[in-house]
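Notes for the one structure printed next.
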Amino acid sequence: MKQFSIIIPYYNSSLTLEKAISSIDKYFYEYNFEILVVNDGSDDNINVFEKKYIERKNITFISQKNKGVSSARNKALDRSQGKYICFLDADDTFYNFDVRRIIEELDRGSHLICFGYKVVSERNTVIDSVEPEQTRHNVLKNTIYPEIVCKHSVGGHVTNKVFLNSIIRNYHLRFRENISFAEDLVFVTEYLNKIQMVSTFETSMYHLLAHESSIRGSVNKPNKKQLLKLASVVEANYYISESQLDSHSKRWFASESFYMFVSLLHKSKQFEDAELDEQMRIYKQKIKSELVTFLFYKKTRFSILQRFIGVFRYVWY
């Protein structure tokens with residue numbers, strides 16, 4: 001059995017994929033690892049890369065029609081042979097990735113490793129740094145709930161974590177393909193439901209590339225497709241509400257989801273689209289149960305004015 005499976009979902013990222021693979025080779029060369037690259041219906045020159053790496057027995061290229069990042073990751077999970085699972089996006093790179101330290105922590109009984117990451121520009125300038133508040137060795141999972149959901153010093157990304165494949169396989173954990181926003185967080189919380197012990201490293205081991213074309217930069221002025229992807233936060237909130245997270249984390253995420261959705265409701269008025277309107281109204285009914293939480297839960301970050309605006313937008317759509 002291989003030690004690590006590194007999963008890379010790929011969609012039109014030919015300019016950065018080679019750099020991503022090189023960062024794996026740099027830090028994992030002493031270990032038995034495999035790379036699973038899932039081509040999610042790209043129309044660029046992915047075939048050039050397949051030919052370049054054809055003699056690499058530890059790299060597998062998998063192709064599928066465009067179904068999204070969750071489907072791509074799930075297909076790779078089905079093929080993975082590693083004891084440990086890492087996720088790397090094709091735009092990003094590992095940086096100062098301490099494999100030995102991670103293995104030692106997992107051997108001590110930890111079921112999940114969380115570490116920091118830096119958000120970098122296309123010019124490799126650090127824009128932001130997100131790191132756990134402290135290094136913790138093998139602590140109960142509820143210790144980090146607020147840092148994953150509320151404080152974001154750990155965050156819900158799967159790319160700054162290392163998972164046990166045995167847990168994923170035994171409980172058949174998969175990414176929810178019906179959501180396109182916060183799907184990472186849902187996977188992480190459902191994984192946490194099945195484990196007990198977690199470790200965090202107060203250091204960054206991942207570089208996340210920020211660029212304007214990504215959905216991260218589309219929140220303010222989304223097109224119709226992006227708007228629906230973002231609105232699926234309503235579905236994500238349902239799964240989070242069913243998780244074993246503490247009450248504060250659930251209510252925090254419910255409030256965030258409600259405010260984000262009603263903001264998208266407001267933006268959707270610029271589109272005269274019957275299909276979009278119908279889907280937004282379906283989501284509106286699903287988020288209805290969180291209206292009271294959004295309005296009265298005092299520990300969220302929203303002011304009284306923001307709450308009033310949010311409820312007004314919800315009622316008058």
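On a predicted model such as this, the values are computed, not experimentally measured, just so you know.
Shown here is His248, whose NE2 atom has more than 12 heavy atoms of other residues, nucleotides or ligands within 6.0 Å. Atom NZ of Lys269 has more than 12 heavy atoms from other residues, nucleotides or ligands within 6.0 Å. Within 6.0 Å of OH on Tyr297 lie more than 12 heavy atoms contributed by other residues, nucleotides or ligands. Crowding of Tyr27 atom OH: a count of heavy atoms from other residues, nucleotides or ligands under 6.0 Å exceeding 12. In this structure, Lys19 places its NZ atom where only 12 or fewer heavy-atom neighbours from other residues, nucleotides or ligands lie under 6.0 Å away. Heavy atoms of other residues, nucleotides or ligands lying less than 6.0 angstrom from CZ of Phe308 number 12 at most. Counting non-hydrogen atoms of neighbouring residues, nucleotides and ligands closer than 6.0 angstrom, the CD atom of Glu55 reaches no more than 12 such neighbours. The neighbour count for Lys118 NZ, taken as heavy atoms of other residues, nucleotides or ligands under 6.0 Å away, is above 12.
Under the 6.0 Å distance and 45° angle rule, Lys284 counts as a cation-pi partner of Tyr314.
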TODO: Please step through side-chain contact (heavy atoms from CB on, under 4.5 Å) for the pair Tyr11 and Val69, ending with a clear verdict.
DONE: CA-CA 9 Å; Tyr11 181 75; Val69 64; over 6 Å; no
- [ ] Begin with the C-alpha distance, continue with both residues' side-chain angles, and end with the deciding distance and a verdict on side-chain hydrogen bond (donor to acceptor under 3.5 Å, both in side chains) for Glu177 and Ser70.
- [x] CA-CA 5 Å; Glu177 296 182 23; Ser70 291; over 6 Å; no
TODO: Could you walk me through whether Tyr283 and Asn237 pass the side-chain hydrogen bond (donor to acceptor under 3.5 Å, both in side chains) test, one step at a time?
DONE: CA-CA 11 Å; Tyr283 281 149; Asn237 178 65; over 6 Å; no
- [ ] Kindly determine whether Arg174 and Asp78 satisfy side-chain contact (heavy atoms from CB on, under 4.5 Å), including the steps that lead there.
- [x] CA-CA 9 Å; Arg174 292 295 183 270; Asp78 290 339; 2.7 Å; yes
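Side-chain contact of Ser243 with Asn193: a donor-acceptor pair under 3.5 Å is absent, judged by distance alone. Counted by atom type alone, Asn165 and Ser80 present one or more donor-acceptor pairs between their side chains at under 3.5 Å. Using modelled atom types and a 3.5 Å distance limit, the side chains of Ser204 and Glu131 yield a donor-acceptor pair. Side chain to side chain, Asp89 and Tyr206 fail the donor-acceptor criterion of an N or O pair below 3.5 Å. In this structure, a donor-acceptor pair under 3.5 Å is present between the side chains of Asn58 and Arg56.
Counting heavy atoms from C-beta outward, Leu185 and Ile240 have side chains that approach closer than 4.5 Å. Counting heavy atoms from C-beta outward, Lys2 and Lys83 have side chains that stay 4.5 Å or more apart. Within the 4.5 Å cutoff, side-chain heavy atoms of Arg136 are placed close to those of Ile144. Here the side chains of Thr93 and Lys26 are not in contact, with every heavy-atom distance at 4.5 Å or above. Counting heavy atoms from C-beta on, the side chains of Phe115 and Val162 come closer than 4.5 Å.
The structure places CD1 of Ile59 at 8.0 Å from CD1 of Ile8, a figure rounded to the nearest 0.5 Å. Atom CG of Leu17 is separated from atom CG of Asn12 by 11.5 Å, given to the nearest 0.5 angstrom. Annotation: the span from Phe94 atom CZ to His207 atom NE2 amounts to 12.5 Å, rounded to 0.5 Å. Rounded to the nearest 0.5 Å, atoms CZ (Phe97) and CE (Met205) are 6.5 Å apart. With rounding to the nearest 0.5 Å, the separation of CD1 in Ile35 from CD1 in Ile7 is 11.5 Å.
Phe4 and Tyr31 have perpendicular rings, their planes meeting at more than 60° on a 0 to 90° scale where under 30° would count as parallel.
With salt bridges taken as basic N to acidic carboxylate O contacts below 4.0 Å, none links Lys194 and Glu190. Ion pairing of Arg73 with Asp184 is present here, as a side-chain N (NZ or NE/NH1/NH2) and a carboxylate O approach within less than 4.0 Å. Ion pairing of Arg108 with Glu105 is present here, as a side-chain N (NZ or NE/NH1/NH2) and a carboxylate O approach within less than 4.0 Å.
Aromatic ring centroids of Phe187 and Phe163 lie under 6.0 Å apart.
Of the candidates Phe253, Trp252, Phe258, Phe261, Phe258 is the only one forming a ring pair (Phe, Tyr, Trp, His ring centres under 6.0 Å) with Phe294.
Ser255 and Thr300 get closest at one heavy-atom pair: OG-CG2, 3.1 Å. A pairwise comparison of heavy atoms in Ile127 and Val120 identifies CD1-C, 4.0 Å as the closest pair.
Remark: side-chain polar atoms of Ser232 are not paired, donor with acceptor, to backbone N or O of Glu235 under 3.5 angstrom.
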